[in-house]
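On a predicted model such as this, the values are computed, not experimentally measured, just so you know.
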Amino acid sequence: MSGSNKRVSYFYHPTCPLFYYGPSHPMKPHRLKLAHHLILTYGLYKQMDCYRPHPATAGEMTLFHSDDYINFLSKVSPDNLRQFQNNMQRFNAGETTDCPVFDGLYEFTQLYTGASIDGAVQLCQGQCDIAINWSGGLHHAKKSEASGFCYINDIVLAILELLKVHARVLYIDIDVHHGDGVEEAFYTTDRVMTFSLHKYGDFFPGTGHISDIGAKDGIGFSVNAPLHSGITDETYMEQLFRPVLSKIMEVFQPGAIVLQCGADSLTGDRLGCFNLTLKGHAACVKFVKSFGVPTLVLGGGGYTIRNVARCWAFETAVLLDQENISNEIPYNDYYQYYAPDFKLHLEPENTANMNTPETLDSVREDLLKQLQDLQGVPSVAMHEAPPTFARAEREGEDDDDPDEREIGGKTRTGEGTRRQHGSELYDSVD
């Protein structure tokens, strides 16, 4: 299927950007509002089906996370911390950690997780070819603990949904931090391959060595590219990402891809140390898209929020084959954030690339050898696919065919007209 014919679904909940980790915390959900307004003012939303996601339920979250952990998240608040003092250390939450308890914490996790699940469901049902959820991608959360600003691992839950239909799912992580939570969840299976390019060394979370390749049935299916500071567009893409991903697609042949687009790998990030521009970061997205595999695109890290918004708006454009959008930021409610130049694209910083050609060659050759040693494409026994995710709690929906939406154009079957869905976003929606 050619890129211009791809159906793209976009998931955004207007409440998600309103949550606040705290005054000194680098994670700012407000960045989602900035990105959304760029997507609106560039007119990109007109080329996507836009949805307001459902809040994930405790039952959905416990498909990966432990019951005790979800019960804790659903009840703890800044007003009752004393009651949960014994559990704070156990679940790695609270003021002594990087995962604070803030007002609305559980609702926040429900919203970003629900959006990722919704995107996976649409991909499984063939309703779209690409699903976008910039609020998702929180890749550090573990089965029974928060970690690295992440509480619920929406990525793992989305992959579990995709595995109901697809024999193999590929997870790609271009965040500056190692995608440890996702790798750990699927470390012993050959049905999910994880590919992470990240800063390694004296850097959070400290995992992701090139020798971490998986265990048991999953040996060889964890692919880690440890990098040093200052890597640039060309070295990142041409010396590592393109050749390694090409080999992965050849030997693994995934039925679906989940792409985590953490923007902390951009130049000038508050916590990151790479030197990628928007064009270099988005080149990875474009290359993944070129394989024509159903893809769930998620956010992740990113702590210079004006650059996060630039990145995710531009990558939305790339996914829509609109990468030639204007470099002049269109006026919007958050226009002042982009001062002084009000430009979309970033210039790389004048910093040294600590990744020598020799070290990059060594990493690439080691990873290609690891992939070459895999014994063919893993297969699974044929079973009837389990029922796709259904929500009985949906309100206000009738029993009409959901493909009949009363806006211009025909349904997928060519019969009747398209009816506007109650959760789609249009010009008048914030």
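The backbone N or O of Q253 lies less than 3.5 Å from a partner atom in the side chain of R168, making a donor-acceptor pair. Proximity of a side-chain donor or acceptor of Y42 to a complementary backbone N or O of S326 within less than 3.5 Å is detected. Between the side chain of N332 and the backbone N or O of P330 there is at least one donor-acceptor pair closer than 3.5 Å. Judged by distance alone, with hydrogens and angles left aside, the side-chain atoms of D154 form a donor-acceptor pair with the main-chain N or O of G137 at under 3.5 Å. Remark: the backbone N or O of R31 is not paired with any side-chain donor or acceptor of W312 at under 3.5 angstrom. K143 contributes a side-chain N or O that, together with a main-chain N or O of F64, makes up a donor-acceptor pair within less than 3.5 Å.
The salt bridge (charged side-chain N to carboxylate O under 4.0 Å, His left out) pairs that include a residue from residues 99-111 number zero, where partners must be two or more places apart or lie in different chains. Counting only residues at least two apart or on different chains, the salt bridge (charged side-chain N to carboxylate O under 4.0 Å, His left out) pairs with a member in residues 239-268 are E238-R242, K247-E250.
Residues K142 and D180 are paired through a salt bridge, judged by an N-O separation under 4.0 Å between the basic side chain and the carboxylate.
Residues passing the side chain to side chain donor-acceptor pair (under 3.5 Å) test with N307 are R310, sequence neighbours excluded. For the ring pair (Phe, Tyr, Trp, His ring centres under 6.0 Å) test, no residue two or more places apart in sequence or in another chain qualifies with H139. Shown here are the ring pair (Phe, Tyr, Trp, His ring centres under 6.0 Å) partners of F19, two or more places apart in sequence or in another chain: F108. Listed by chain and number, the residues in a side chain to side chain donor-acceptor pair (under 3.5 Å) with R191 amount to none (sequence neighbours excluded).
Separation of the F149 and H25 ring centroids falls under the 6.0 Å cut-off.
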| Could you walk me through whether L344 and F314 pass the side chain to side chain contact (heavy atoms under 4.5 Å, CB included) check? | CA-CA 8 Å; L344 177 66; F314 181 60; 4.0 Å; yes

